[in-house]
Undergrad: 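Before anything else, here's the structure in question.
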Number of protein chains: 2
Amino acid sequence: MMSLHAATPESPVLATEAVENYLKAIYALCRESATGEAAMSRIATLVGVTTGTATTMVKKLTAGKFVRYERFGGVKLTVKGDKAAIDILRRHRLIETFLVETLNLDWSVVHAEAERLEHAISPVVLEALDKHLGHPSVDPHGDPIPDSQGGVREARGKSLTDFPPGTRVRVSRIVDQDQQFLAFVAKHGLKPGSIARIVAADPPAQSILIEARDYPRISLAFAAAGKILAEPISTFSA
Amino acid sequence: MMSLHAATPESPVLATEAVENYLKAIYALCRESATGEAAMSRIATLVGVTTGTATTMVKKLTAGKFVRYERFGGVKLTVKGDKAAIDILRRHRLIETFLVETLNLDWSVVHAEAERLEHAISPVVLEALDKHLGHPSVDPHGDPIPDSQGGVREARGKSLTDFPPGTRVRVSRIVDQDQQFLAFVAKHGLKPGSIARIVAADPPAQSILIEARDYPRISLAFAAAGKILAEPISTFSA
DNA sequence: TCATATAGTTTGAGCCATCAAACTTGGAAG
DNA sequence: CTTCCAAGTTTGATGGCTCAAACTATATGA
Ligand SMILES: [Mn+2]
Ligand SMILES: [Mn+2]
Ligand SMILES: [Mn+2]
Ligand SMILES: [Mn+2]
């Protein structure tokens, strides 16, 4: 007990790779949960560890003031934890953008690459990258890139399932990093920026009919369409 | 004992970050030692650990067939270890080149950055980087970049101390990654590619006088001059 | 030849991240 | 109310990397 080893008199928890991955997971879970808290089992699943391991780690994060949590309760980021998570997101998304824009890698594979590189890039390299890319505001999947002050402008846009048939839309964001799904999306011309028209909705079949500009119309299950966000565009303006 | 955990039936040693750093250190030491072997204490110093730790690790590398070694003997890379080391060198140097060429970072700071990134970059990203850079053959310090087959074309060039006074030379390589030294070299116009003239040698003072094109002449201790490699250029050709 | 200093080795320990498996809690369902 | 189960927690262990400190081999030189 009473570990007397720390060189720094303060914070017992470092920004290790594991810690960064947990913080990102907790950030994502809090944001999509109704309560604003992350459940232990969800954290474990997302990070890819057993729940016991997640519990142990969350206790360390608590000691390091990255999260607030008590036994059998939900996990929530502190301001410090939120800042840290957003910083990692910035690194992740700038790297993805670089891989696609500068190195011409396929947008469906860059997530996995960024998952490792995000932990190895320094602030100096990151800012140089940002400058080189012209300070982009969204990554290849349409995810917002936090600015260097930690500000995040969450992209507007609703699910494809939320538009009435006949609407013309511009795809703004794909909310799923699965390689297969991303490849499918690209194959049918539905990447961020693409223009498409909702042809019809078929509630009994739980799917919609959609047609991207220059692509044949396809049917898309609600589950898939729900992960594609878009904005309506007036039929007139370019 | 008898750890029954390995998923793979073979190789007990992975390509972990620590392993990669040891391999690079051993590679460098073998190459500059007269015997072609690396001493344990040198390995420890270069990696930044105690000699006991180095001994432990070298035993693991031996088990993984990366090195040949026996108690109280020198350490030498196997063919497998040599390939691995060269692969890491390729990653390191391509990353340094990218940081300077594409991101415009100062050549004196990129070594430290590459030291971390080299462990996080995948083959796919590496080859994309290589292509983007136009398959460069040397890094910003003049160090040769191994090709994707593992071939290394060691740059020619002798130490500045090896030229007679009056010789005009083109700097080809700086054999030292120290940030201070690199900044000093740049400040006096002696980066790889620069043209300079050996003005005089002063053996009693253990230094030489040198003058880079467009820079005032300076005196350079043998120790420093020895880390700058150059090739003679004829007084006539451009 | 022998002593000794230096280089190298070994051992016991700790930290980090993880797992498996035993255990506990709290809420939902009867 | 009870009961019971899913979710969460604890514990004991392992693997990887490291250190400090005690120990040992080897080469040199007296
Ligand atoms: Mn990651
Ligand atoms: Mn993304
Ligand atoms: Mn390294
Ligand atoms: Mn270099």
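In what follows, every chain begins at residue 1, and chains take the letters A, B, ... in the order their sequences are listed.
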Undergrad: Gly48(A) or Arg71(A): which one's nearest nucleotide on DNA chain C is closer to the 5' end?
TA: Gly48(A)
Undergrad: If you compare every side-chain N and O of Lys60(A) against the phosphate oxygens of dA17(C) (OP1, OP2), does one of them come in below 4.0 Å?
TA: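 For Lys60(A), the contact criterion (side-chain N or O under 4.0 Å from OP1 or OP2 of dA17(C)) is met.
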Undergrad: Side chain of Thr56(B): nearest nucleotide among dT9(C), dT10(D), dT18(D)?
TA: dT18(D)
Undergrad: Contact class for Thr53(A) vs. all strands (heavy atom < 4.0 Å): base, sugar-phosphate, or nothing?
TA: base
Undergrad: Between C1' on dG16(D) and CD on Glu17(A), what's the gap in Å once rounded to a whole number?
TA: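 The answer, rounded to whole Å, is 14 Å.
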Undergrad: For dT9(C), does either OP1 or OP2 sit under 4.0 Å from a side-chain N or O belonging to Thr55(B)?
TA: yes
Undergrad: Could you give the distance from CZ (Phe184(A)) to CG (Asp178(A)), rounded to the nearest 0.5 Å?
TA: 12.0 Å
Undergrad: Side chain of Thr51(B) only, heavy atoms from C-beta on: which candidate in dG8(C), dT18(D), dA17(C) is closest?
TA: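 That would be dG8(C).
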Undergrad: Going by the side chain to side chain contact (heavy atoms under 4.5 Å, CB included) test, name the single residue among Glu118(B), Gln177(B), Glu113(B) that passes it with Glu96(B).
TA: Gln177(B)
Undergrad: Does NZ or CZ of Lys76(A) come closer than 6.0 Å to the centre of the six-membered ring of Tyr69(A), within 45° of the ring's axis?
TA: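 The answer is no; the distance or angle limit is not met.
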Undergrad: Is a side-chain donor or acceptor of Thr62(A) paired with a backbone partner of Val58(A) at a separation under 3.5 angstrom?
TA: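 Present.
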Undergrad: Please classify the nucleic acid contact of Ala54(A) as base, sugar-phosphate, or nothing, using heavy-atom distances under 4.0 Å.
TA: nothing
Undergrad: Between dA7(C) and Ser41(B), is there an OP1 or OP2 to side-chain N/O distance shorter than 4.0 Å?
TA: no
Undergrad: Atom NZ of residue position Lys83(A) - does it have more than 12 heavy atoms of other residues, nucleotides or ligands inside 6.0 Å?
TA: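 Atom NZ in Lys83(A) is not packed in, count stays at 12 or less.
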Undergrad: With respect to the phosphate group of dT18(C), does any side-chain polar atom (N or O) of Tyr22(A) fall under 4.0 Å of OP1 or OP2?
TA: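 It does, given that an N or O in the side chain of Tyr22(A) lies less than 4.0 Å from OP1 or OP2 of dT18(C).
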Undergrad: Check whether any side-chain N or O of Lys59(A) sits under 4.0 Å from OP1 or OP2 of dT9(D), and answer yes or no.
TA: no
Undergrad: Side-chain N or O of Thr50(B) versus OP1/OP2 of dC19(D): is the shortest distance under 4.0 Å?
TA: yes
Undergrad: Calculate the interatomic distance between Glu70(B) atom CD and dT9(C) atom P; express it in whole Å.
TA: 11 Å
Undergrad: Starting at CD of Glu20(A) and ending at P of dC16(C), how long is that distance when rounded to a whole Å?
TA: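 So the CD-P distance, Glu20(A) to dC16(C), works out to 16 Å.
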Undergrad: Provide, to the nearest angstrom, the distance between the CE atom belonging to Met57(B) and the P atom belonging to dG15(D).
TA: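 These atoms are roughly 16 Å apart.
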Undergrad: How close or far is atom P of dT28(D) from atom CZ of Phe72(B), stated in whole angstroms?
TA: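 Going from CZ in Phe72(B) over to P in dT28(D) covers 15 Å.
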Undergrad: Output the rounded distance in Å from CD1 (Ile43(A)) to P (dT9(D)).
TA: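 From Ile43(A) CD1 to dT9(D) P: 9 Å.
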